[in-house]
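Below, chains carry the letters A, B, ... as their sequence lines are ordered, and counting in each starts from 1.
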Protein chains: 2
Amino acid sequence: MVAKVRSFNRTVTQRVGALDDAYLSRGRPLGQARLLWEISDGPSELRRLRSRLDLDSGYLSRLVAGLQKEGLVAVETDPDDARVRTARLTPAGRAERAELDRLSDELAETMIQPLNVSQRERLVAAMAEVEQLLVASMVDVRVTDPRHPDAQLCMSSYYADLATRFDGGFDPTVTRPAEDDAITLLVARLHEEPVGCGALKVIPSEHCADVKRMWVSPTVRGLGLGRRLLTELETHARGLGVRTLRLETNHTLVEAIGLYRAAGFVEVEAFNDEPYAHHWFAKTLD
Amino acid sequence: MVAKVRSFNRTVTQRVGALDDAYLSRGRPLGQARLLWEISDGPSELRRLRSRLDLDSGYLSRLVAGLQKEGLVAVETDPDDARVRTARLTPAGRAERAELDRLSDELAETMIQPLNVSQRERLVAAMAEVEQLLVASMVDVRVTDPRHPDAQLCMSSYYADLATRFDGGFDPTVTRPAEDDAITLLVARLHEEPVGCGALKVIPSEHCADVKRMWVSPTVRGLGLGRRLLTELETHARGLGVRTLRLETNHTLVEAIGLYRAAGFVEVEAFNDEPYAHHWFAKTLD
DNA sequence: TCCATCCTCTGACTTTAGTCAGAGAAAAGT
DNA sequence: ACTTTTCTCTGACTAAAGTCAGAGGATGGA
């Protein structure tokens, strides 16, 4: 298995990686080219670019100056915070971007051109599969303090999500409170952006834990992240000596209910009075 | 379709490309790392390395000197040709190579580790598919002079192949001669190494052409190269005003016969006295 | 208000990457 | 025997990539 992955890595970096750079830099130094590509995805604060591309601030400053001198980007001071500078494309920059798009299409074209129709279809399908699974494997799940900004962001997205799904909306003040200091929270991130979470509230006296706040961002649905979060919560729970996992859920969350059943949870009598819950599940760990 | 390929390129270069380099260079400059990797596939003449990695001779010289100073490779003069120098790994170099292998495995591991079993299987299968098709698309087919060394190499491989397959072997002097100056030869190359060929001998008076010397190297079987060569020969023939394509073949070449039938050839009466032939096929082009 | 922090920029580097011209030795062609 | 070609190396470059220290303005918090 590992050997096959390695072989793939070799072939693909050779074919895609090498060409891509040479082709898409258009005589520009690679650093500048990458930066241009990044800026053209929309106006960007320099500090964001710096962290995304992991560049030294001095270096970035010079790269931007280069693009500015070519007339491709304009830089202006943020009106809200005069320390922050924002770069965006000039009309000439947008024209260049269009050209880059064209070249990128051309490159993709050369990859499928030698193949016949059925091979092309197979290639594109397999590429989609690889890409999806690679993205899934790029998601990083780790324990995070509930007060961390990323955790807060997850919570507000979670509540917003519930509000659109529940019949009659959702009011966080009505739901049973979960004290932040008594839970273990896992946050899933893709490119350092939070895309999902799940929490465990352990009740040591009963060797029991409640699964709470299971949320997966719509942008990463279908990657098996919900399943992964649940599995990791379970592993955590075992490590803490938990023998029973419990959770409650709303009847509108059909995928979640499917996930719980598939993961071995069985429906039980209501074990609390959570106002938004319609179903209660439990799973015995062995 | 193109959009999907582009999306794949982006994700994959990000995930595989970037990491690969950082991970496998071990503090060494990338040029040196690549070179080391190449040398460790076996003792290599510097001139081969130069053409394979497309490096300037002065540059290569310095890169090798660097690896030599680190004690990883030894360089010696070729006994047969004192101009040529050959590099190979020292024991320390082999140890380093082993370490690189380990890291490479580790990297592959991190790619599949976050996935569950079924996802892993899907990923590996899709990777194999992508890789195979990308290799297929890297094969370059073009008209080549039959006297070109690559063409000669194809011919000798072709004859050697026939000798192992035909009942009672194959003797090139017995077969019907095909004058080199009257044919159009297509040679398929992968990484500039010849891996297949196919020729067309046009008989203008009869608006007819014979397909000859169809050969695909065992190293690239299953990539649809035979089909591609046949299709390109057909396109060529059309361009030359040919209305009928003919070919003869030996009954031991079962895949070839299958290919001809699938490509629309139908079996006909013997139209020549080729001693090694058992089947004669023809196809009308419209 | 003052101080620590944040954000960007400039100057002064170092290291890689890569190019070009030519020297010197060996081999191949004539 | 000669010339040409092949192969490697050295010297002398340039450009890109990246690092480090610190200056200077803006902001946020105590």
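- With the nearest nucleotide of DNA chain D identified for both A:G58 and B:E45, B:E45 has the one nearer the 5' end.
- The separation between A:Q32 atom CD and D:dG18 atom P is 13 Å, rounded to whole Å.
- Between the axis at the start and the axis at the end of the helix from C:dT1-D:dA30 to C:dT30-D:dA1 there is an angle of 20°, using five pairs per end and rounding to 10 degrees.
- Nearest approach of B:V5 to A:A108, heavy atoms of both residues: CG1-CB, 3.7 Å.
- Looking at the side chain of B:P29, the nearest of the listed nucleotides D:dC7, C:dA26, C:dT16 is C:dT16.
- Between B:R85 and D:dC9 there is a side-chain N or O to OP1 or OP2 distance below 4.0 Å.
- Crowding of A:R10 atom CZ: a count of heavy atoms from other residues, nucleotides or ligands under 6.0 Å not exceeding 12.
- Within 6.0 Å of atom CG in A:D54, 12 or fewer heavy atoms from other residues, nucleotides or ligands are found, so the atom counts as exposed in its surroundings.
- Side-chain N/O atoms of B:R62 and base N/O atoms of C:dG18 include no donor-acceptor pair closer than 3.5 Å.
- Rounded to whole angstrom, the span from the OH atom of A:Y59 across to the P atom of C:dT16 amounts to 15 Å.
- In A:E193, the CD atom is not crowded: 12 or fewer heavy atoms of neighbouring residues, nucleotides or ligands sit closer than 6.0 Å.
- For B:R83 against C:dG24, a side-chain-to-base donor-acceptor contact under 3.5 Å is absent.
- The side chain of B:L46 lies closest to D:dC9, out of C:dC9, D:dC9, C:dA26.
- Distance CG (B:L35) to P (D:dT8): 13 Å, rounded to an integer number of Å.
- Dashed line: the shortest gap from a side-chain N or O of A:R47 to OP1 or OP2 of C:dC7 is under 4.0 Å.
- Residues A:Y23 and A:E106 are in side-chain contact: their nearest non-hydrogen atoms beyond the backbone lie under 4.5 Å apart.
- When rounded to the nearest whole Å, the span between CG of B:L55 and C1' of C:dA17 equals 10 Å.
- Between the CG atom of A:L60 and the P atom of D:dG18 there is a distance of 12 Å, given to the nearest Å.
- Contacts of B:D56 with the nucleic acid, taken as non-hydrogen atoms under 4.0 Å apart, include base atoms.
- For the pair A:D78 CG and C:dC7 P, the interatomic distance rounds to 11 Å; values are reported in whole Å.
- Atom-to-atom, CG of B:L49 to C1' of D:dT8 comes out at 13 Å; the value is rounded to the nearest Å.
- Between the CD atom of B:Q68 and the P atom of D:dT8 there is a distance of 13 Å, rounded to whole Å.
- Listed for the B:S137 side chain is no donor-acceptor partner under 3.5 Å among the backbone atoms of A:I112.
- Judged purely by distance below 3.5 Å, without hydrogens or angles, the side chains of A:E76 and A:T86 never pair a donor atom with an acceptor atom.
- Taking only side-chain nitrogens and oxygens, B:R50 comes nearer than 4.0 Å to OP1 or OP2 of D:dT8.
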